[in-house]
Amino acid sequence: MSRFLNPAKIGLLALIELYTDKTVPTSSILDVLSFITSHLIDNDISSSASSSSDRWRRAESTVSLVISISDFEKVLMPHTPASGIPGRSLWYMFLHRLWKIDSLDALHDFFEKCSNLLARTKEELRRDAEMGDPPPAPEVIQLSRNSPFGAFVRRSQLEFTRLRFHDAIELWKDFVKYRQTTAAYYRKKTTDFQRLSFDSVLLANQNEWGHAVESIASVAYGDILRDYPNATIPVSTDDIEKLLEFQIDHMQKYGNRVPLEIRHQFQDLVMDSYMVPSLSHYLSYLEAWRAGDYATSFDYLHRYFDYTMQNRDRSFYQYALMNLAVLQADFGCHKEAIAAMLETVSTARENRDMTCLNFALNWLFHFGRAHPEVTQELESKSQLGTGKESLAFLRSRAKETGTWSLWSSALMSEAKMCLSHGESVATALEHLVRSSQILVERNMKNMVGSQLSVNISLWDRLGVTYLSATTCEVFLQCHARHSIFDDALKVTSRQASMLALRGKYDEALGKLENLDVDSLRAWKPSQYWHKFRGIIKLRRDLHHNNLDGAELLLSQLLQSKNEDLEPDLAFVIDTLHIECLVRRGNIEDAFTKVEKMVAELREENRDIALRVRLLLLKAELLDKCGRPQKAFTIVVRAANVAWRARLIPYLWPAIGAIANILSSLSEFEPAIQLLHAVLPRSLECENSAMTAKLYSHLGDANVGMAGKMPPKSNKRREYLMKGVEAIEKAFNHYSSVEDINKQCEMMAKKATIMKVAGDYVLANDYAAAYMALRRDAAQLKI
């Protein structure tokens with residue numbers, strides 16, 4: 001196997017020669033040069049790719065060009081040559097140039113003549129003048145020696161002169177086989193073409209040698225002229241290394257696995273190569289890691305760095321430890337991951353590798369935020385320091401070393417910390433704006449997903465769901481193709497969650513189903529995708545009162561909850577478990593679980609929004625027990641914290657809970673005033689269940705006010721009608737989320753109010769509607 005040259009590169013040289021000879025017409029120059037350039041320059045065509053399959057076009061085109069000459073045909077066949085010869089296409093002129101190379105001696109001449117394609121140096125021009133040779137005409141196309149084409153021609157010449165005689169013969173045989181598929185087409189267009197035209201030596205001596213020429217051809221070329229199934233593919237070491245680097249770069253950049261077709265083609269190329277680069281072990285490690293195969297990925301990681309350490313010194317040891325730590329963390333070996341990453345920090349300090357050190361410290365910080373129970377002991381020993389100290393250090397180090405990605409990441413982390421601690425929203429926005437400025441100035445498109453994810457979270461906390469949904473759509477339409485697939489998955493999941501809160505379960509599941517199937521072949525994204533689909537289905541089953549189906553989904557989700565690296569996802573599963581217990585009437589177990597979660601969050605100092613949510617859950621459980629007044633201090637504390645932290649989606653339910661307590665104390669008028677104040681703002685959150693509950697409280701308060709009015713008075717009837725109107729709106733919102741139990745409850749309330757108001761006809765209609773709802777609920781369970 002040649003180090004650089006292969007038949008496909010000879011074809012590119014011939015095409016460059018056609019261009020310099022002005023055989024390519026002006027109208028076709030762009031297509032031809034684009035084709036040549038795409039195979040010479042490592043340009044990132046994935047930046048304009050709309051899907052994961054488009055990102056792998058470069059690898060597909062490289063493999064396709066190495067395997068078959070048909071790629072040249074696709075480009076050249078539609079074009080006519082500049083000479084305008086009838087019945088002759090640019091494809092024919094290209095083949096004519098290739099078939100002129102009809103012996104090993106002609107191949108040597110071809111490479112020697114490649115020097116004529118290059119612009120003359122001053123010394124060569126002076127030498128030509130001394131010998132009386134005229135300089136080249138100004139209209140002749142000559143390639144600059146430092147241009148991409150010129151560099152390719154010079155390297156091809158150099159690599160050919162370096163070839164041993166045996167390797168040159170192998171290159172010639174591979175070229176004959178590569179070109180042989182075009183013999184039938186070229187024979188039709190060329191009258192003097194014969195069966196032995198591929199080798200001028202055999203053709204010239206066939207009369208002298210007679211029938212022995214077949215035996216000589218068989219000895220010289222073996223089975224390469226036949227379609228032999230076990231024949232090797234003419235691939236060079238350069239092609240293998242470029243394909244390896246391309247695949248590794250894309251797997252690390254986008255988080256996807258290599259498509260099966262490309263992987264099989266690449267394995268065929270590697271099998272046909274005489275030397276396998278050690279980088280192939282790293283590619284196998286990434287592939288096994290993305291596939292969720294811990295044992296195989298661990299083995300390939302050790303194998304790669306074993307080969308690496310044989311050729312390099314200890315200065316690369318920290319990268320082996322860093323990869324090992326990330327691998328173990330991904331598979332749930334958290335203590336081993338921490339130990340490996342701490343050793344990475346020590347080794348990077350020893351080798352003064354600031355890039356690796358900064359990455360390791362940044363990883364430790366984020367890992368500590370995701371798994372505080374693991375890093376608790378380390379923080380007490382000041383190994384990691386507090387969160388703010390770590391971020392301040394990382395930010396200063398990133399600024400000093402010019403590590404823009406780390407600087408931006410540190411600013412985003414500070415914004416997240418501000419939000420999770422309930423600090424100033426203005427400060428969080430300041431950090432986000434500074435981070436965004438770095439991303440825009442440095443054109444770091446791959447980090448826009450992380451930036452917009454924090455923005456989405458910010459708008460959610462402020463209760464402006466429309467802006468949150470718009471940001472999701474902006475990312476998916478404009479930036480998803482530049483970002484890692486995990487970002488697209490989480491933003492799409494956030495969209496699906498918003499739709500589920502409005503009762504659009506089928507549309508939410510459709511959003512998840514429309515994600516790229518090839519990207520979901522990776523293990524972690526696939527697990528996250530399956531769990532999120534399970535959560536949406538669980539929410540729908542709970543609202544349909546299909547508790548058996550909900551408990552089946554819960555049993556599956558709770559088994560893997562602790563393995564999930566997303567604490568927010570685990571919290572959602574826990575809250576849905578509590579809702580399931582409440583719907584089963586198991587209030588005691590639900591209360592015990594809430595108390596346990598509160599204790600865990602207090603120990604781990606987690607996001608303040610989660611703690612407020614648990615306070616509201618506790619108040620809701622007390623209300624279910626018929627003791628809403630015992631939750632007064634709880635809901636006041638929740639409202640206070642939500643207001644200070646600007647947690648708007650939790651502030652309105654807290655105010656609603658206070659209004660409910662006031663109603664239980666017969667303070668109906670203040671309750672109505674509170675609910676009238678918060679209901680318009682709650683509609684901005686686009687959470688139908690929350691809005692329905694507030695309207696239900698408003699209906700209860702209005703009916704309570706009606707009870708204080710004199711019997712059969714206009715005021716009494718007015719408040720009763722206001723109560724019915726509020727209950728009707730609550731019913732509509734519960735209907736949008738398909739909550740059967742709550743729909744029945746609202747319908748029963750309407751029937752009761754109409755009965756009290758003396759409208760027995762409407763009361764009977766509502767009672768009949770209630771029974772119809774019960775029948776529909778029973779059918780949904782089946």
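What you are looking at is a predicted structure, and each value in this text was computed from that prediction instead of being measured.
Minimum interatomic distance between Ser696 and Ile727 (heavy atoms only, all atoms of both residues): O-CD1, 4.1 Å. Between Ile573 and Leu554, the shortest heavy-atom distance links the atoms O-CD2, 4.0 Å. What you find for Phe632 and Ile661 is that their closest heavy atoms are CA-CD1, 3.6 Å. In plain terms, the two heavy atoms of Met709 and Ser713 that are nearest each other are CB-OG, 3.9 Å. Nearest heavy atoms, Ser413 versus Leu391: CB-CD2, 3.5 Å. Residues Tyr650 and Ala642 share a closest heavy-atom pair of C-CB, 4.2 Å.
The aromatic ring centroids of His334 and Phe367 lie less than 6.0 Å from each other.
Checked for salt-bridge contact, Glu725 and Lys722 miss the test: no charged N lies under 4.0 Å from a carboxylate O. A salt bridge links Arg584 to Asp548: one of the charged nitrogens lies within less than 4.0 Å of a carboxylate oxygen. Salt-bridge check for Arg494 with Asp460: passed, with a basic side-chain N closer than 4.0 Å to an acidic carboxylate O. Glu600 and Arg606 are not joined by a salt bridge, as no carboxylate oxygen comes within less than 4.0 angstrom of a charged side-chain nitrogen.
The side-chain heavy atoms of Tyr505 and Val737, taken from C-beta on, include a pair separated by under 4.5 Å. Looking at heavy atoms from C-beta onward, Cys418 lies in side-chain contact with His431 at the 4.5 angstrom threshold. Using a 4.5 Å heavy-atom threshold, the side chains of Arg602 and Val598 count as touching. In this structure the side chain of Arg611 reaches within 4.5 angstrom of the side chain of Ile608, judged on heavy atoms. In this structure the side chain of Asp487 never reaches within 4.5 angstrom of the side chain of Tyr254, judged on heavy atoms. Between Tyr528 and Leu569 there is a side-chain heavy-atom pair separated by less than 4.5 Å. Under the 4.5 Å side-chain criterion, counting only non-hydrogen atoms from C-beta, Ile658 is in contact with Val636. In this structure the side chain of Leu411 never reaches within 4.5 angstrom of the side chain of Leu432, judged on heavy atoms.
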Residues 615-631 side chain polar contacts: donor-acceptor under 3.5 Å, at least two apart:
residue, atom, partner, partner atom, Å
Lys618, NZ, Glu595, OE2, 3.1
Asp623, OD1, Asn660, ND2, 3.2
Asp623, OD2, Asn660, ND2, 3.4

Which pairs of donor and acceptor atoms, one on a side chain in residues 697-707, lie under 3.5 Å apart (sequence neighbours left out)?
residue, atom, partner, partner atom, Å
Asp700, OD1, Lys749, NZ, 3.1
Asp700, OD2, Lys749, NZ, 3.3
Asn702, ND2, Leu698, O, 3.1

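Between the side chain of Ser682 and the backbone N or O of Leu679 there is at least one donor-acceptor pair closer than 3.5 Å. A donor-acceptor pair is defined here as one N or O able to donate and one able to accept, closer than 3.5 Å; no such pair exists between the side chain of Ser497 and the backbone of Ser493. Distance alone, capped at 3.5 Å, places no donor-acceptor pair between the Trp529 side chain and the Leu520 backbone.
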*Report the C-alpha separation of Arg583 and His543 in whole Å, then their side-chain angles, then the decisive distance to 0.1 Å, and conclude whether the side-chain contact (heavy atoms from CB on, under 4.5 Å) test is met.*
CA-CA 10 Å; Arg583 287 177 183 268; His543 287 169; 3.6 Å; yes

_Please evaluate residues Arg644 and Val641 with respect to the criterion side-chain contact (heavy atoms from CB on, under 4.5 Å), reporting the C-alpha separation (whole Å), side-chain torsions for both, the decisive distance (0.1 Å), and the verdict._
CA-CA 5 Å; Arg644 282 192 292 106; Val641 174; 3.7 Å; yes

*Could you walk me through whether Leu674 and Leu662 pass the side-chain contact (heavy atoms from CB on, under 4.5 Å) check?*
CA-CA 10 Å; Leu674 281 174; Leu662 289 173; 3.7 Å; yes

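Screening residues 534-547 for salt bridge (charged side-chain N to carboxylate O under 4.0 Å, His left out) gives Asp506-Arg540 as the qualifying pairs, with residues at least two apart or on separate chains. For residues 645-666, there are no salt bridge (charged side-chain N to carboxylate O under 4.0 Å, His left out) pairs, not counting sequence neighbours. Sequence neighbours left out, the pairs with a member in residues 683-692 that pass salt bridge (charged side-chain N to carboxylate O under 4.0 Å, His left out) are Arg502-Glu686, Arg681-Glu684.
Screening Glu507, Lys490, Glu473 against Gln495 for a side-chain hydrogen bond (donor to acceptor under 3.5 Å, both in side chains) leaves a single residue, Glu473. Of the residues listed (Arg461, Lys416, Arg613), the one engaging Asp607 in a salt bridge (charged side-chain N to carboxylate O under 4.0 Å, His left out) is Arg461, and it is the only one.
Under the salt bridge (Lys or Arg N to Asp or Glu O under 4.0 Å) criterion, Glu423 pairs with Lys388, sequence neighbours left out.
Counted within 6.0 Å of CZ on Arg717, heavy atoms from surrounding residues, nucleotides or ligands total 12 or fewer; the atom is thus considered open. Heavy-atom contacts from other residues, nucleotides or ligands closer than 6.0 Å to CZ of Arg521 number more than 12.
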